[in-house]
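Worksheet: the structure to be examined is printed underneath.
Computed from heavy atoms alone, side chains included, the values below leave out hydrogens, waters and symmetry copies.
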Amino acid sequence: MSNSHIVTLRRSAVVALSVCVLGSLGGVAVSAPAQAATKPSWTKNCTELHKKYPHGVGRTNAKDHTSGRPVTTFKKSDSLYNEAMKYNKGLDRDKDGIACEQA
């Protein structure tokens with residue numbers, strides 16, 4: 001066997017070993033975010049959301065679109081509203097920036 005063949009075999013072995021090591025590390029790294037991405041139970045529907053936030057969750061600058069008395073007692077939090085919308089856009093059917101509003 002010539003020296004060039006030996007060098008090529010060594011490179012192939014290094015590449016194969018690197019792929020195995022990186023692949024096994026990638027498997028570990030992928031499983032951690034998958035666990036963190038579980039859907040919060042309160043985003044399932046308005047009944048579940050009301051257990052935690054009785055008057056709903058809305059953006060800090062949201063105004064209730066209603067013909068009657070507007071809801072103002074909802075939990076004001078952009079991050080909570082965004083999290084709710086990420087998992088279930090149906091929680092804000094009138095698209096007024098308040099999910100599951102109720103007086």
Side-chain angles (χ1 to χ4, degrees):
M1 229 188 241
S2 68
N3 283 338
S4 64
H5 284 18
I6 293 172
V7 170
T8 302
L9 287 174
R10 284 184 183 169
R11 284 183 185 160
S12 297
V14 169
V15 168
L17 181 61
S18 298
V19 168
C20 290
V21 170
L22 290 175
S24 66
L25 291 177
V28 172
V30 170
S31 64
Q35 291 173 351
T38 57
K39 183 177 179 178
S41 63
W42 60 270
T43 63
K44 182 177 178 182
N45 55 42
C46 285
T47 302
E48 292 299 314
L49 188 138
H50 289 148
K51 289 178 183 177
K52 189 165 184 159
Y53 305 104
H55 303 286
V57 174
R59 293 184 175 135
T60 54
N61 61 348
K63 304 265 190 287
D64 186 20
H65 293 172
T66 181
S67 59
R69 188 172 177 200
V71 176
T72 58
T73 55
F74 59 90
K75 171 72 175 171
K76 295 180 181 190
S77 171
D78 290 333
S79 61
L80 288 174
Y81 177 81
N82 291 338
E83 184 175 5
M85 292 300 99
K86 176 180 167 184
Y87 291 108
N88 188 350
K89 293 193 185 308
L91 297 176
D92 186 10
R93 291 189 178 143
D94 59 359
K95 297 179 180 22
D96 62 356
I98 307 168
C100 301
E101 63 265 29
Q102 75 176 18

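Scanning for side-chain hydrogen bond (donor to acceptor under 3.5 Å, both in side chains) contacts around T73 gives H55, with sequence neighbours left out. In this structure, the side-chain hydrogen bond (donor to acceptor under 3.5 Å, both in side chains) partners of D92, at least two apart in sequence or on a different chain, are Y81. In this structure, the side-chain contact (heavy atoms from CB on, under 4.5 Å) partners of N88, at least two apart in sequence or on a different chain, are L91. Remark: D78 pairs with T60 by the side-chain hydrogen bond (donor to acceptor under 3.5 Å, both in side chains) rule, at least two apart or across chains. Applying the salt bridge (Lys or Arg N to Asp or Glu O under 4.0 Å) rule to K95 yields no partners; only residues at least two apart in sequence or on another chain are considered.
For the pair D64 (side chain) and P70 (backbone), a donor-acceptor distance under 3.5 Å is absent.
Residue pairs meeting the side chain to side chain donor-acceptor pair (under 3.5 Å) criterion with at least one member in residues 40-51, sequence neighbours excluded: E48-K51.
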Below 3.5 Å, can you tabulate the donor-acceptor pairs from side chains in residues 96-103 to any protein atom, sequence neighbours excluded?
from, atom 1, to, atom 2, distance (Å)
D96, OD1, I98, N, 3.0
D96, OD2, H65, N, 3.2
Q102, NE2, P54, O, 3.2

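Of all non-hydrogen atoms in R59 and F74, the two that sit nearest each other are O-CE1, 3.7 Å.
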